[in-house]
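Values below: all heavy atoms of this structure, side chains included; hydrogens, waters and symmetry mates excluded. Throughout, protein chains are lettered first and strands after them, A, B, ... in sequence-line order, and every chain is numbered starting at 1. Quick caveat, the model's predicted, so the values are computed rather than measured.
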Protein chains: 2
Amino acid sequence: MSVQERKERERAARERLIVATARELAEQQGWDAVTTRRLAERIEYSQPVLYSHFRGKREIIGAVALEGATEMAALLRAATRAADGPRARVAALARAYLDFAARNPAVYDALFQLDGGLAYAQEDTPQPLKDAFAALLESLGEVAGDGVDPGLFTEVFWASLHGLATLTRAGRLLPEYAEPRVELLVDRLAVI
Amino acid sequence: MSVQERKERERAARERLIVATARELAEQQGWDAVTTRRLAERIEYSQPVLYSHFRGKREIIGAVALEGATEMAALLRAATRAADGPRARVAALARAYLDFAARNPAVYDALFQLDGGLAYAQEDTPQPLKDAFAALLESLGEVAGDGVDPGLFTEVFWASLHGLATLTRAGRLLPEYAEPRVELLVDRLAVI
DNA sequence: GATTCGATCCTAGCACTGCTAGACACCCGA
DNA sequence: TCGGGTGTCTAGCAGTGCTAGGATCGAATC
């Protein structure tokens, strides 16, 4: 038994190595540079090994996305915990979200831009994704306003953040407006 | 002279054919299906012909994007013209924008999701792009509110629309909330 | 401790991608 | 009618994701 357990441990370790390496490579040189050959070379195994862990490149992206979702949820909760009052919590949430997107562009892409083969807003949505949305809902629900569904409000606020995150990174918005944009969004959308 | 003019006319026609075919193919089967081989086959020329018109695939995407920007600007202006009052104009604008994104997903991708090699929010930004932003600015500027820069407000409102458009199409938002999301966004962001 | 057998991994290759060099053919102007 | 130049195509390069098949290594058995 012990031998098999060791093998399973090693296998799990290698799987983590693949995901971590893919993420690192993507952050360094973009997802286009994450080819199966380069990835295999970096983990010092041959290509087919990747396919014994994942169905294909898409599933590797999905794995990075799930890892990112867990991190993001934790960061959002930490940011809101450190803030006092609904207004401050929402502002902290917004900044933490945009900060995460800016610091981890490849992970953000894996989550929301690329096809990682994950289901969203459905029954079979993976737990980390549900939890990340829950982290948003926790702080945003309290400022949705009377008669407005918290889920609906969260979707709208999230979409706005997502738009800001992606358009900012694509260089489609003026850099000097970054902070006022957040202020405006929070002031207008949230009902304090 | 006449011969050369005819040749230039034919060349221009073929260029339009390339862009139209690329767009059609992208709308039918997604941008992944728009390969240089397939595109060449559809226009009944060989691959290298594409490269006598465009530097590469990226420039073809860019051409589709510019065409889309012009259309979008016209649609947005038509929608706002038909509405009475600032509130109705903004709501019409939002619906027209999301409608365009939903009806022309490939064009929308070319504009805001893919790399078409175009400059944004800069000096050398192509006119159609500047004009599309101007179309947004025209209706949104009047509801920015006192002391709020119209450009800043437009960026935020646009980002929200963009977020809704992309997340909706990626199946990341609940379909049944589509209309209330727009209502909420307009009610909260716009100062009427 | 030798041997068999199965899991594990790698080499090689497929069909495809964007892009390009060089040969060919055709058409215009003389 | 003929030469020259423009325009187009064939063929090929390096790279992509993915996979079939054989080789190798190590664990369990006799």
Side-chain angles (χ1 to χ4, degrees), chain A residues 1-19 21-23 25-26 28-65 106 109-110 114-118, chain B residues 1-19 21-23 25-26 28-65 106 109-110 114-118:
Chain A
M1 284 306 131
S2 166
V3 170
Q4 197 174 347
E5 284 176 5
R6 193 206 66 215
K7 286 200 174 182
E8 280 179 18
R9 261 202 321 273
E10 288 174 353
R11 218 186 125 73
R14 193 172 63 182
E15 188 157 317
R16 283 193 301 274
L17 176 64
I18 292 174
V19 176
T21 305
R23 174 175 177 170
L25 191 51
Q28 284 173 356
Q29 310 180 33
W31 276 107
D32 278 352
V34 184
T35 68
T36 54
R37 279 172 181 74
R38 245 191 295 259
L39 186 51
E41 195 188 4
R42 285 228 182 175
I43 64 168
E44 295 181 314
Y45 281 93
S46 70
Q47 280 180 284
V49 165
L50 300 174
Y51 293 86
S52 75
H53 288 271
F54 303 95
R55 277 176 192 275
K57 191 182 171 181
R58 160 200 285 221
E59 265 198 9
I60 297 178
I61 295 174
V64 172
D109 280 348
L114 302 174
D115 179 15
L118 303 173
Chain B
M1 282 303 131
S2 166
V3 171
Q4 197 174 346
E5 283 176 6
R6 194 206 66 215
K7 287 201 173 182
E8 280 179 19
R9 260 201 325 271
E10 288 174 352
R11 220 187 123 71
R14 192 172 63 181
E15 187 157 317
R16 283 194 301 275
L17 177 64
I18 292 174
V19 176
T21 306
R23 175 174 177 170
L25 191 51
Q28 284 173 355
Q29 310 181 33
W31 275 107
D32 277 352
V34 183
T35 69
T36 53
R37 279 172 182 77
R38 246 190 293 259
L39 185 51
E41 195 188 3
R42 284 227 182 176
I43 63 168
E44 295 180 314
Y45 281 93
S46 69
Q47 279 180 285
V49 165
L50 300 174
Y51 293 86
S52 76
H53 288 271
F54 303 95
R55 278 177 190 275
K57 190 182 171 181
R58 158 200 288 222
E59 265 198 9
I60 297 177
I61 295 174
V64 172
D109 280 348
L114 301 175
D115 179 15
L118 302 173

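In this structure, A:L39 places its CG atom 13 Å from P of C:dC10, rounding to the nearest Å. Whole-Å rounding puts the A:R58 CZ to D:dT16 C1' distance at 16 Å. As rounded to whole Å, 12 Å separates atom P of D:dT8 from atom CG of B:L50. Rounded to whole Å, the distance from CD on A:Q29 to C1' on D:dG15 is 15 Å. If you measure from atom CD1 of A:I60 to atom P of D:dT16, you get 14 Å, rounded to the nearest angstrom. Between the P atom of D:dT8 and the CD atom of B:E41 lies a distance of 18 Å, rounded to the nearest Å. When rounded to the nearest whole Å, the span between OH of A:Y45 and C1' of C:dA7 equals 14 Å. Taking atom CD1 of residue B:I18 and atom C1' of nucleotide D:dT8, one finds them 13 Å apart after rounding to whole Å.
Across B:L39 and B:I18, no two heavy atoms sit closer than the pair CD1-O, 4.0 Å. The two atoms that bring B:F54 and B:A63 nearest to each other are CE2-CB, 3.9 Å, heavy atoms only. The minimum heavy-atom distance between B:A65 and B:A110, with the atom names listed, is CB-O, 3.5 Å. In plain terms, the two heavy atoms of B:Q47 and B:A40 that are nearest each other are N-CB, 3.6 Å.
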Between protein and nucleic acid, restricted to nucleotides 15-18 of chain C and to nitrogen or oxygen atoms under 3.5 Å apart, what atom pairs and distances do you find?
from   : atom 1 : to    : atom 2 : distance (Å)
C:dT17 : OP1    : B:T35 : OG1    : 3.3
C:dT17 : OP1    : B:R38 : NH2    : 3.3
C:dG18 : OP1    : B:V34 : O      : 3.4
C:dG18 : OP1    : B:K57 : NZ     : 3.2
C:dG18 : OP2    : B:T36 : N      : 2.8
C:dG18 : OP2    : B:T36 : OG1    : 3.0
C:dG18 : N7     : B:R37 : NH1    : 3.0
C:dG18 : O6     : B:R37 : NH2    : 3.1

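Sequence order on DNA chain C of the closest nucleotides to B:P48 and A:V49 puts A:V49 first from the 5' end.
In this structure, B:E59 contributes its side chain and B:R55 its backbone to a donor-acceptor pair below 3.5 Å.
Backbone-only contact: A:R14 has heavy atoms under 4.0 Å from sugar-phosphate atoms and none from a base.
Taking OG1 from A:T21 and CZ from A:R14, the interatomic distance works out to 12.0 Å, rounded to the nearest 0.5 Å.
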